[in-house]
Amino acid sequence: MPTFLPEPPFRHDQASRIGVLLVNLGTPAAPNPAAIRPYLRQFLSDPRVVEIPRAVWWVILNTFILPFRPKKTAAKYASVWMSEGSPLKVWTIKQSKLLKGWLGEQGHSEVLVEYAMRYGQPSIAAQMDKLKAAGCEKLLILPLYPQYSASTSATVIDEVGRVLATYRNQPAIRTVRSFHDDEGYIKALAGRVREYWQTKGRGDHLLISFHGVPRYTLDKGDPYHCYCRKTGRLLAEELDLAESEYTVAFQSRFGRAEWLQPYVTATLKKLGKAATGRLDVVCPGFVADCLETLEEIAIEGKQDYLQAGGKDYHFIPCLNDSPLWIDALTALTKKELSGWLLTDNTAIDNTQQCTLSRAQALGAQN
């Protein structure tokens, strides 16, 4: 017999709210092995992230990865850690606060915005509970992965479904599958690049880097590769770049299996050997700077390029708290909330009072 979580206290005059939950990948709580080990364990134990038979992967994970990798990873995190904490968490918090503020300024005070991490804290479960307790009868789940992949967006929805299964009174749910070709998102990316060019000058070539995934995911029907390619093409078109002026590549290869190509490391060495001159790099798959952009691309990528003969290397920061991005995120959220939003707060208050009056007439105590 199923056991459901206790429902939060209810009042008939409680305001009906709409919750928006921004979800990012996650981050350890601190840049040290003790904090990184449980984070990696949770992340790498997800069967959507690593599609290897569980028994085989358990041995690999616990024998060869978790005893050694946290120390190496901790040094990388330490090199990019901010005074406020993990860059990914810092920027995700700012994005959630700004989204809430911009929606409020546009008359949508009934919308509550929270953020969660798929792995680490705050968890999706804790934040869904928080929004539910605040009176949210409708929830929009917005994974901050522009390009859908089974190993990112889908695992968020898996977790949302698991949490919903614990509720007796489930809220209505909407999810954002992908926004890889959203007009506002593309324009925000292009604006970020142009802003950098205006202050730092323009490079001779633009490398557009996306996080990699194993090649077999494409063969099995995952659309991630196609979505990345489309984002890259649309960004190049928005920037009026010729095909010879940019390259799309994939970073973060792990293990011996073939991943999506071309690989960023090989591409950097190729461009360096070709005496490209100044290379600019942008990472559209990340809406917030994180370990993969600040350490892998901005630091390691620069070393690879310069050692191969490249002359100058510039990493263009992610969208972070760019006004163009927050505007695009607000527009995307409002589009996904179509039919749910209320703008007349007086009408909302009157509806709540009428609801309470009717309920009390029928015997309700509150």
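Quick note: numbers below take in every heavy atom, side chains included, and nothing from hydrogens, waters or symmetry partners.
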- Item | Donor-acceptor side-chain pairing of His314 and Tyr196 below 3.5 angstrom | yes

- Note on the structure: d(Thr330 OG1, Ile326 CD1) to nearest 0.5 Å is 6.5 Å

- Task: Taking the six-membered ring for Trp and the full ring for Phe, Tyr or His, determine whether the centres of Phe210 and His225 are under 6.0 Å apart.
- Result: no

- In one Ile/Leu/Val/Met/Phe/Trp/Tyr side-chain cluster, 4.5 Å: Trp259, Ile297: yes

- Item | Verdict with supporting geometry, Arg215 and Asp219, salt bridge (charged side-chain N to carboxylate O under 4.0 Å, His left out) | CA-CA 7 Å; Arg215 163 72 200 207; Asp219 299 332; 3.1 Å; yes

- Backbone of Ser151 reached by a side-chain donor or acceptor of Ser149 within 3.5 Å: yes

- Tell me, do Ile157 and Arg177 make a side-chain contact under 4.5 Å, heavy atoms counted? no

- Item | Residue Glu183 excluded, over 12 heavy atoms near CD under 6.0 Å | no

- Query: Taking the side chain from Ser178 and the backbone from Pro146, do they hold a donor-acceptor pair closer than 3.5 Å?
  - Reply: yes

- Message: What's the separation between atom OG in Ser86 and atom CG in Leu291, rounded to the nearest 0.5 Å?
- Response: 8.5 Å

- Message: Donor-acceptor check, side chain of Asp289 to backbone of Cys318, threshold 3.5 angstrom: yes or no?
- Response: yes

- Would you list the pairs meeting ring-ring contact (aromatic ring centres under 6.0 Å, His included) in which at least one residue belongs to residues 21-47, sequence neighbours left out? Phe43-Tyr119

- Message: Looking at Gln251 and Val264, would you say the former's side chain and the latter's main chain have a donor-acceptor pair under 3.5 Å?
- Response: no

- Message: Tell me whether Lys130 at atom NZ has more than 12 heavy atoms from other residues, nucleotides or ligands lying less than 6.0 Å away.
- Response: no

- Message: What I'd like to find out is whether the side chain of Glu51 reaches to under 4.5 Å of the side chain of Thr217, using heavy atoms alone.
- Response: yes

- Query: Does any non-hydrogen side-chain atom of Met117 lie less than 4.5 Å from one of Leu25?
  - Reply: no

- Query: Say you draw a straight line from NZ of Lys273 to NZ of Lys270; how long is it, rounded to the nearest 0.5 Å?
  - Reply: 11.0 Å

- With the 4.5 Å side-chain cut-off for hydrophobic clustering, are Leu294 and Ile316 part of the same group? no

- Item | Side-chain (Arg174) to main-chain (Leu139) donor-acceptor, under 3.5 angstrom | no

- Item | Short side-chain to backbone donor-acceptor contact, Gln127 and Val23, under 3.5 Å | no

- ILVMFWY cluster, Val282 and Leu271 together (side-chain gap under 4.5 Å): no

- When every non-hydrogen atom of Leu88 is compared with those of Thr92, the smallest separation belongs to O-OG1, 2.6 Å

- Item | N/O donor-acceptor pair under 3.5 Å between Asp182 side chain and Gly184 backbone | yes

- Item | Donor-acceptor contact below 3.5 Å, side chain Asn24 vs main chain Gly26 | no

- Query: Under 3.5 Å, is there a donor-acceptor pair between the side chain of Glu159 and the main chain of Arg118?
  - Reply: no

- Are Ile18 and Leu21 connected in the hydrophobic side-chain network, where two residues link if heavy atoms are under 4.5 Å apart? no

- With side chains defined as the heavy atoms from C-beta onward, is the minimum distance between Cys228 and Val248 less than 4.5 Å? no

- Test Glu238 against Lys187 for salt bridge (charged side-chain N to carboxylate O under 4.0 Å, His left out), laying out the working first. CA-CA 7 Å; Glu238 188 69 25; Lys187 289 187 178 298; 3.2 Å; yes

- Between Asp204 and Thr276, does any side-chain donor sit less than 3.5 Å from a side-chain acceptor? no

- Rounded distance (nearest 0.5 Å) linking atom CG of Leu234 with atom CG of Leu189: 10.0 Å

- With side chain to side chain contact (heavy atoms under 4.5 Å, CB included) as the test, would you mind laying out the steps for Tyr185 and Leu329 before giving the verdict? CA-CA 8 Å; Tyr185 160 69; Leu329 182 60; over 6 Å; no

- Query: Taking all atoms of both residues into account, what is the closest heavy-atom pair of Asp240 and Glu245, and its distance?
  - Reply: O-OE1, 4.0 Å

- Message: Can you confirm whether the side chains of Asp129 and Tyr167 place a donor and an acceptor under 3.5 Å from each other?
- Response: yes

- Indicate yes or no for a side-chain donor-acceptor contact from Thr231 to the backbone of His180 under 3.5 Å, with no hydrogens or angles considered. yes

- Do you reckon Leu332 sits in the same ILVMFWY cluster as Tyr145, going by side-chain contacts under 4.5 Å, direct or chained? no

- Gap between atom CH2 of Trp57 and atom CD1 of Ile52 - 0.5 Å precision: 5.0 Å

- Phe250 and Gly212 have their tightest heavy-atom pair at CB-CA, 4.0 Å

- Query: Any chance the side chains of Glu114 and Ser96 put a donor and an acceptor closer than 3.5 Å?
  - Reply: no

Residues 69-80 side chain polar contacts: donor-acceptor under 3.5 Å, at least two apart:
| unit_1 | atom_1 | unit_2 | atom_2 | d |
| --- | --- | --- | --- | --- |
| Thr73 | OG1 | Arg69 | O | 3.0 |
| Lys76 | NZ | Glu300 | OE2 | 3.4 |
| Ser79 | OG | Lys76 | O | 2.6 |

- Item | Worked check of side chain to side chain contact (heavy atoms under 4.5 Å, CB included) between Trp81 and Thr27 | CA-CA 11 Å; Trp81 208 259; Thr27 176; 4.3 Å; yes

- Verdict with reasoning, Glu7 to Lys132, per salt bridge (charged side-chain N to carboxylate O under 4.0 Å, His left out): CA-CA 9 Å; Glu7 288 295 317; Lys132 193 171 187 294; 2.2 Å; yes

- Task: Would you tell me whether Ser16 and Glu110 have side-chain atoms, one donor and one acceptor, within less than 3.5 Å of each other?
- Result: no

- Query: When you look at Leu268 and Leu279, which way does the side chain to side chain contact (heavy atoms under 4.5 Å, CB included) test go after all the steps?
  - Reply: CA-CA 9 Å; Leu268 288 171; Leu279 178 67; 3.5 Å; yes

- Task: Test side chain to side chain contact (heavy atoms under 4.5 Å, CB included) on Thr333 and Leu337 and set out the steps.
- Result: CA-CA 6 Å; Thr333 300; Leu337 292 177; 3.8 Å; yes

- Gln147-Lys230 side chain donor-acceptor pair, cut-off 3.5 Å: no

- Query: Do Ile208 and Thr247 come within less than 4.5 Å of each other through their side chains, counting heavy atoms only?
  - Reply: no

- Message: Could you check whether Trp197 and Asp280, counting side-chain N and O atoms only, form a donor-acceptor pair closer than 3.5 Å?
- Response: yes

- Answer yes or no on whether Arg168 is positioned over the face of Phe4, meaning its NZ or CZ is under 6.0 Å from the six-membered ring centre and within 45° of the axis. no

- Message: Does Lys269 form a side-chain hydrogen bond (donor to acceptor under 3.5 Å, both in side chains) with Gln307? I'd like the steps, not just the answer.
- Response: CA-CA 8 Å; Lys269 293 178 180 179; Gln307 289 174 2; over 6 Å; no

